[in-house]
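Read through the structure below, which is laid out as structure tokens, and then see the notes.
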Amino acid sequence: MTKEQQVYNYLMTHCQGKNNLIKNKDLMKLFDIHSDKSMRKVIQNIRESKKFIEVVGSISGSTGGNFICTTPEEIQETIDNLK
């Protein structure tokens with residue numbers, strides 16, 4: 001199973017909605033990813049792949065992290081953040 005599949009499965013199981021986000025550093029520890037750049041690449045790969053249906057949202061900053069979007073508003077916020 002790829003890192004992308006592992007991370008996506010974890011987010012689907014434990015991080016539904018931005019109230020249940022997980023910090024990047026915690027995801028990195030869970031999946032033995034050693035740099036922030038590598039973690040961002042995994043999230044980017046998930047977002048760009050057609051096999052992962054749900055949108056992975058993210059919030060930047062010290063209170064931020066990653067989560068599976070569960071509302072149209074979360075999806076729109078994610079799109080706006082990526083621009």
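- Rounding to the nearest 0.5 Å gives a distance of 11.0 Å between CG of N24 and OG of S38.
- Not counting sequence neighbours, R47 has no partner by the salt bridge (charged side-chain N to carboxylate O under 4.0 Å, His left out) test.
- Side chains of F52 and E4 form a contact here, defined as non-hydrogen atoms less than 4.5 Å apart.
- A distance of 8.0 Å separates CZ of F31 from NZ of K3, quoted to the nearest 0.5 Å.
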From CA spacing to verdict: side chain to side chain contact (heavy atoms under 4.5 Å, CB included), N66, L21: CA-CA 5 Å; N66 294 294; L21 61 76; over 6 Å; no
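- A chain of hydrophobic side-chain contacts below 4.5 Å, direct or via other Ile, Leu, Val, Met, Phe, Trp or Tyr residues, connects I43 to I68.
- In this structure, the separation between CD1 on I75 and CG on D80 is 12.0 Å, given to the nearest 0.5 Å.
- For the pair K23 and M28, the minimum side-chain heavy-atom distance is 4.5 Å or more.
- Put simply, NZ on K41 and OG on S35 are 12.0 Å apart, with the number rounded to the nearest 0.5 Å.
- Annotation: the span from H34 atom NE2 to M39 atom CE amounts to 12.5 Å, rounded to 0.5 Å.
- Not counting sequence neighbours, N20 has no partner by the side chain to side chain contact (heavy atoms under 4.5 Å, CB included) test.
- Cluster membership check: I59 does not share its hydrophobic cluster with V56, using side-chain heavy-atom separations under 4.5 Å among Ile, Leu, Val, Met, Phe, Trp and Tyr.
- Under the 4.5 Å side-chain contact rule for hydrophobic residues, I33 and M12 share a cluster.
- Closest approach of C69 and T78 over heavy atoms only: SG-OG1, 3.5 Å.
- With 3.5 Å as the limit, one finds a donor-acceptor pair spanning the side chains of N9 and Q5.
- Considering only heavy atoms from C-beta on, T71 stays 4.5 Å or farther from Q76 through its side chain.
- Checked against side chain to side chain contact (heavy atoms under 4.5 Å, CB included), I22 has the following partners two or more places apart in sequence or in another chain: Y10, L11, C15, D26, L27, L30.
- One distance of note links CD1 of I79 with CD of E74; it measures 12.0 Å at 0.5 Å rounding.
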